[in-house]
Amino acid sequence: MLFVLAIPVLSIVTWASALIDPLSELPKFGKPLNNLTISVGREAIFTCIVENLGQYKVAWLRVDTQTILTIATHVITKNHRIGVTHSGHRTWSLHIREAKETDRGWYMCQVNTDPMSSIIGFLEIVVPPDILDYPTSTDMEVREGSNVTLRCEATGTPKPTVSWRREAGGTITLPNWHEVTSIEGPHLEITGVSRLHMGPYLCIASNGVPPTVSKRIVLIVHFPPMVWIEKQLVGAYEGKRLVLECQSEAYPRPISYWTRPTNETIANDNHYEVETISKGYKGYKTTMRLTIKSVRAQDFGSFRCISTNSLGETESKIKVYRIDRQPTTRRPGTRRDSKNSWKLDHSNEKKAAGMRDEPMSKGNSDSGEEQLDFQSATASSCFHRHEIYVNLGIIVYVGIVLGGHSTT
């Protein structure tokens with residue numbers, strides 16, 4: 001395809017003076033002109049190979065504006081970013097430095113034969129994505145339960161795609177209640193926003209041209225305090241060290257404190273230790289901990305944990321009730337204790353019944369550590385036989401039959 005362009009008169013005179021005898025061998029192009037794709041700001045270089053150029057001249061032209069850029073080694077245009085280089089008479093290169101988006105279009109390498117011969121190539125300028133400050137959303141603060149839309153507008157060539165994800169990971173809940181890790185589109189809509197939606201989001205723009213860009217948008221959710229406890233009733237004895245806890249959630253961050261049964265606010269002192277631990281984004285989750293170092297009589301009653309912010313106040317109660325101190329005496333827990341206890345009880349029973357002891361054969365315990373002496377007893381005529389069974393060291397007292405009645 002040949003392009004014949006309108007050239008100013010002065011240029012035509014100069015161009016035509018280069019024409020030579022048409023009977024000589026005509027130049028021909030060594031290969032087609034390649035299309036170029038470069039990023040904005042880079043240098044574009046078109047290379048034109050001409051065989052048998054002889055006395056003919058090579059010119060570079062901008063097709064869409066019909067502008068002559070260079071003739072031979074001379075730059076005709078006033079655009080300072082345009083240059084021309086050559087290697088002998090065969091290789092001619094057009095340089096477009098610091099390429100702009102306006103440089104996008106068709107370029108022609110032309111030889112002044114009769115008729116003119118030419119080849120063309122297209123210059124594509126790609127632009128990395130850029131996120132516009134307006135109308136892209138800034139950090140937002142909303143009330144819990146409302147609807148919110150985050151916006152992200154980006155430019156670039158090719159047109160970039162925009163995706164959303166949470167900066168800390170996790171899922172995004174869509175209006176249809178589906179949960180996804182990322183979502184595409186310039187708008188992120190959240191219906192019925194809750195405290196779980198609070199945190200930073202990233203809007204990411206990409207079009208295949210590095211670098212990919214992103215913007216951080218923080219969503220803050222305001223809601224009144226909520227307080228709850230695991231144990232509403234706690235038993236303690238005087239002198240015991242006791243720890244009470246309650247959990248609260250609120251934003252803006254609340255003022256949290258405890259009151260004792262006399263409704264006085266508790267502060268750190270020799271008797272009480274108050275601790276508040278915050279977690280979650282912006283610390284909207286709080287653990288309120290009260291340590292009573294040594295329970296006193298006046299500590300029995302209801303302690304209140306209270307949380308308040310600009311949207312409301314909430315409290316919850318923990319009742320501390322008195323219990324007896326745990327006994328310190330040792331209960332029978334070994335076989336030796338059980339045997340000794342049995343011997344003591346059995347002796348008392350025999351004395352109460354007026355029985356006299358007689359020796360019995362000695363038996364061995366299953367551990368082989370101890371010998372037990374078992375006594376037989378003879379009572380008055382109103383007593384019958386008193387039987388004791390020994391089985392593997394375990395003593396079973398069958399009973400005493402007294403006056404025709406048996407007790408076990």
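Atom CD of Glu189 sits in a sparse spot, with 12 or fewer heavy atoms from other residues, nucleotides or ligands closer than 6.0 Å. Within 6.0 Å of the CG atom in Asp133, the count of heavy atoms belonging to other residues, nucleotides or ligands does not exceed 12. Residue-environment remark: NE2 (His89) stays at or below the threshold of 12 foreign heavy atoms within 6.0 Å. Within 6.0 Å of CG in Asp269 there are more than 12 heavy atoms belonging to other residues, nucleotides or ligands. In Glu179, the CD atom is crowded: over 12 heavy atoms of neighbouring residues, nucleotides or ligands sit closer than 6.0 Å. Environment of NZ in Lys293: crowded, with over 12 heavy atoms of neighbouring residues, nucleotides or ligands closer than 6.0 Å.
Taking 4.5 Å as the limit, every side-chain heavy atom of Pro261 sits out of range of all side-chain heavy atoms of Phe300. Put simply, the side chain of Thr136 reaches to within 4.5 Å of the side chain of Ile217, judged on heavy atoms. Within the 4.5 Å cutoff, the side chain of Asn35 has no heavy atoms near those of the Tyr107 side chain. Contact of the Thr212 side chain with the Ile204 side chain is registered, since non-hydrogen atoms from C-beta on lie closer than 4.5 Å. Two residues are said to be in side-chain contact when any heavy atoms from C-beta on lie closer than 4.5 Å; Thr70 and Trp60 meet this criterion. A 4.5 Å side-chain heavy-atom check between Pro252 and Ser310 finds at least one atom pair inside the cut-off. Residues Val213 and Asp130 fail the side-chain proximity criterion, which asks for heavy atoms closer than 4.5 Å. Residues Glu245 and Ile229 are not in side-chain contact: their nearest non-hydrogen atoms beyond the backbone lie 4.5 Å or more apart.
The two residues Pro27 and Leu53 have their closest heavy-atom pair at CG-O, 3.8 Å. The two residues Thr157 and Glu101 make their nearest non-hydrogen contact at OG1-OE1, 3.6 Å. Scanning both residues, Val209 and Pro129, for their nearest heavy atoms gives O-CD, 3.4 Å. Residues Val162 and Cys203 come closest through the heavy atom pair CG1-SG, 4.3 Å. Minimum interatomic distance between Cys152 and Trp164 (heavy atoms only, all atoms of both residues): CB-CZ2, 3.4 Å. Between Arg325 and Tyr237, the shortest heavy-atom distance links the atoms NH1-CE1, 3.5 Å.
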Would Ile318 and Lys231 count as a side chain to side chain contact (heavy atoms under 4.5 Å, CB included) if you check the C-alpha gap in whole Å, the side-chain angles of each, and the deciding distance to 0.1 Å?
CA-CA 7 Å; Ile318 301 177; Lys231 296 181 179 179; 5.9 Å; no

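With respect to Arg296 and Glu238, no salt bridge is recorded, no charged nitrogen being found less than 4.0 Å from a carboxylate O. A salt bridge is absent between Arg289 and Glu273: the closest approach of a Lys/Arg side-chain nitrogen to an acidic carboxylate oxygen does not fall below 4.0 angstrom.
Atom-to-atom distance recorded for Arg260:CZ and Thr265:OG1 is 9.5 Å, nearest 0.5 angstrom. For the atom pair Thr37 OG1 and Glu124 CD, the distance stands at 5.5 Å (nearest 0.5 Å). How far CD1 of Ile306 is from CE of Met288: 7.5 Å, rounded to the nearest 0.5 Å. The line from OH of Tyr281 to NE2 of His197 is 15.0 Å long, rounded to the nearest 0.5 Å. Summarising the geometry, atom CG belonging to Leu69 is positioned 6.5 Å from atom CG belonging to Leu61; distances are rounded to the nearest 0.5 Å.
Of the possible donor and acceptor atoms, one in the side chain of Arg81 sits under 3.5 Å from a partner among the backbone N and O of Arg97. Distance alone, capped at 3.5 Å, places no donor-acceptor pair between the Lys215 side chain and the Leu132 backbone. No donor-acceptor distance shorter than 3.5 angstrom exists from the side chain of Arg241 to the backbone of Thr291, with no hydrogens or angles considered. Judged by distance alone, the side chain of Arg304 and the main-chain N or O of Thr259 form no donor-acceptor pair under 3.5 Å. Judged by distance alone, with hydrogens and angles left aside, the side-chain atoms of Asn207 form a donor-acceptor pair with the main-chain N or O of Val127 at under 3.5 Å. Remark: side-chain polar atoms of Ser87 are not paired, donor with acceptor, to backbone N or O of Thr91 under 3.5 angstrom. In this structure a side-chain-to-backbone donor-acceptor pair under 3.5 Å is missing from Ser214 to Leu202. Put simply, the side chain of Trp92 never gets that close to the backbone of Val84: no donor and acceptor are under 3.5 Å apart.
Sorted by first and then second residue, the side chain to side chain donor-acceptor pair (under 3.5 Å) pairs with a member in residues 247-258 read Arg195-Glu249, Gln247-Thr287, Arg253-Ser278; sequence neighbours excluded.
The residue from Leu94, Val58, Thr47 that alone fulfils the side-chain contact (heavy atoms from CB on, under 4.5 Å) condition with Cys109 is Val58.
Residues passing the side chain to side chain donor-acceptor pair (under 3.5 Å) test with Glu43, sequence neighbours excluded: His95.
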